Amino acid sequence: MSEKPKNTEKPKNTEKAEQQRLSVFKTYKLYVGGKFPRSESGRVYEVTDSKGEWLANAPLSSRKDARDAVVAARKAFGGWSGATAYNRGQVLYRVAEMLEGRRDQFVREVADAEGLSRSKAAAVVDAAIDRWVWYAGWTDKIAQVVGGGNPVAGPYFNLSSPEPTGVVTVLAPQESSFLGLVSVIAPVIATGNTVIVIASEKSPLPALSLGEVLATSDVPGGVVNVLSGRTAEIATPLAAHQDVNAIDLAGADDVLAKELEVAAADNLKRVVRPQAVDYSATPGIERLTAFLETKTVWHPTGALGASGSSY
């Protein structure tokens, strides 16, 4: 007895429901203090792709958002700078793991943001993931490279040790919305600093999505704070803020960079000036050492005998 053929057609009401379903658009938010607030101002601005087509609305951060980010970064500094270098390396490696799992999402966002083909965007995302691993490996090695014992004429040990500068503001590169972003954030936190990053003004979406990854990567809240909006509007109060210790002007043009340098001089902030950087090249340690202070300690070795030996 032959079986009756199965009816593979979907019910008409089901097909109609599928056709009427609306896509769920993503709501992008800031990342401040481990939370995802909307801008205090309630403002947003349209983000478009390389062809001018609408992608999403991004929060338009205010001066109040910038001040809130500084408070969060300062609060997180003690715990993050006091963690062992090995532990910080584990956390940075965890970020790379989480990015690997969300690779397809970032490939899509980078392709839209920078007008790249899918294959080129994939290469950019892979390089950004590898960049986290690179800096994760440096966390417990940089002290040996830039610190150590100093020869002195006297019965003393003289030891120099690097320490984090504190709260750092970073203007992310405008054109390299993801690889450049990672290249300026990772070295800052690898050495124990906390950071307020101002995302690329025209392509902020990869940076805002990175906040979601950081929130699930064992990075303590406040260590990285991500703001989006008008770069000059957000950077100006941060450059003058008395509780910000350093500023990286990677994403500033010449006019804005000069204005921010003048504002930063008020409390003698460290300033990294904008320069042409090939973010696809293997980085050196310049950005690691840019936000380190050197502490030197003298310690007596004991009295010296007539022959010069200690006893």
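Counting from 1, the numbers follow the sequence of the chain as shown. Quick caveat: nothing in here was measured; it's all calculated off a predicted structure. These numbers come from the heavy atoms of this one structure, side chains and all, not from hydrogens, waters or symmetry mates.
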For residues 181-196, tabulate all N or O donor-acceptor pairs below 3.5 Å that involve a side-chain atom, not counting sequence neighbours.
from, atom 1, to, atom 2, distance (Å)
Ser183, OG, Arg131, NH1, 2.7
Ser183, OG, Leu179, O, 2.8
Thr191, OG1, Pro187, O, 3.2
Thr191, OG1, Val188, O, 3.2
Thr191, OG1, Asn193, ND2, 3.0
Asn193, OD1, Thr165, N, 2.8
Asn193, OD1, Gly166, N, 2.8
Asn193, ND2, Val188, O, 3.2
Asn193, ND2, Phe291, O, 3.1
Thr194, OG1, Ala73, O, 3.0

Near Tyr93 OH, under 6.0 Å, is it more than 12 heavy atoms from other residues, nucleotides or ligands? no
Step by step, would you call Ser209 with Lys26 a side-chain hydrogen bond (donor to acceptor under 3.5 Å, both in side chains)? CA-CA 10 Å; Ser209 290; Lys26 182 172 181 177; 3.1 Å; yes
What pair of heavy atoms forms the shortest contact from Tyr279 to Ser176, and how long is it? CD1-CB, 4.1 Å
Closest heavy-atom contact between Ala58 and Val47? CB-CG2, 3.7 Å
Give a yes or no on whether Arg74 atom CZ has more than 12 heavy-atom contacts from other residues, nucleotides or ligands under 6.0 Å away. yes
Between Ser39 and Ser61, do the side chains contain an N or O donor and an N or O acceptor separated by less than 3.5 Å? no
Any chance you could lay out the side-chain contact (heavy atoms from CB on, under 4.5 Å) test for Leu30 and Ser228, step after step, and finish with the verdict? CA-CA 7 Å; Leu30 307 177; Ser228 62; 3.6 Å; yes
Is it true that, when you exclude Arg273 itself, more than 12 heavy atoms of the residues, nucleotides or ligands shown sit nearer than 6.0 Å to its CZ? no
Do NZ/NE/NH1/NH2 and the carboxylate oxygens of Asp104 and Arg118 come within less than 4.0 Å? yes
Does any part of the side chain of Trp298, heavy atoms only, come nearer than 4.5 Å to the side chain of Phe157, both counted from C-beta? no
State plainly whether the residues Glu261 and Lys269 are in salt-bridge range, i.e. N to O under 4.0 Å. no
Look at Arg103 together with Asp126 and state whether they make a salt bridge at an N to O cut-off of under 4.0 Å. yes
Aromatic ring pairing Trp54/Phe25, orientation class (parallel under 30°, perpendicular over 60°, tilted between): perpendicular
Transitive ILVMFWY side-chain link Ile247 to Phe77, under 4.5 Å: no
As a quick check of understanding, evaluate side-chain contact (heavy atoms from CB on, under 4.5 Å) for Val44 and Arg38, giving each step before the final call. CA-CA 9 Å; Val44 297; Arg38 291 179 170 85; over 6 Å; no
Taking CG in Asp254 as the centre, count heavy atoms belonging to other residues, nucleotides or ligands within less than 6.0 Å. Is the count above 12? no
Does this structure show an ion pair linking Glu293 with Arg270, if we count only N-O contacts that are shorter than 4.0 Å? yes
Of all heavy-atom pairs between Ser177 and Ser203, which one has the smallest distance, and what is that distance? CB-O, 3.5 Å
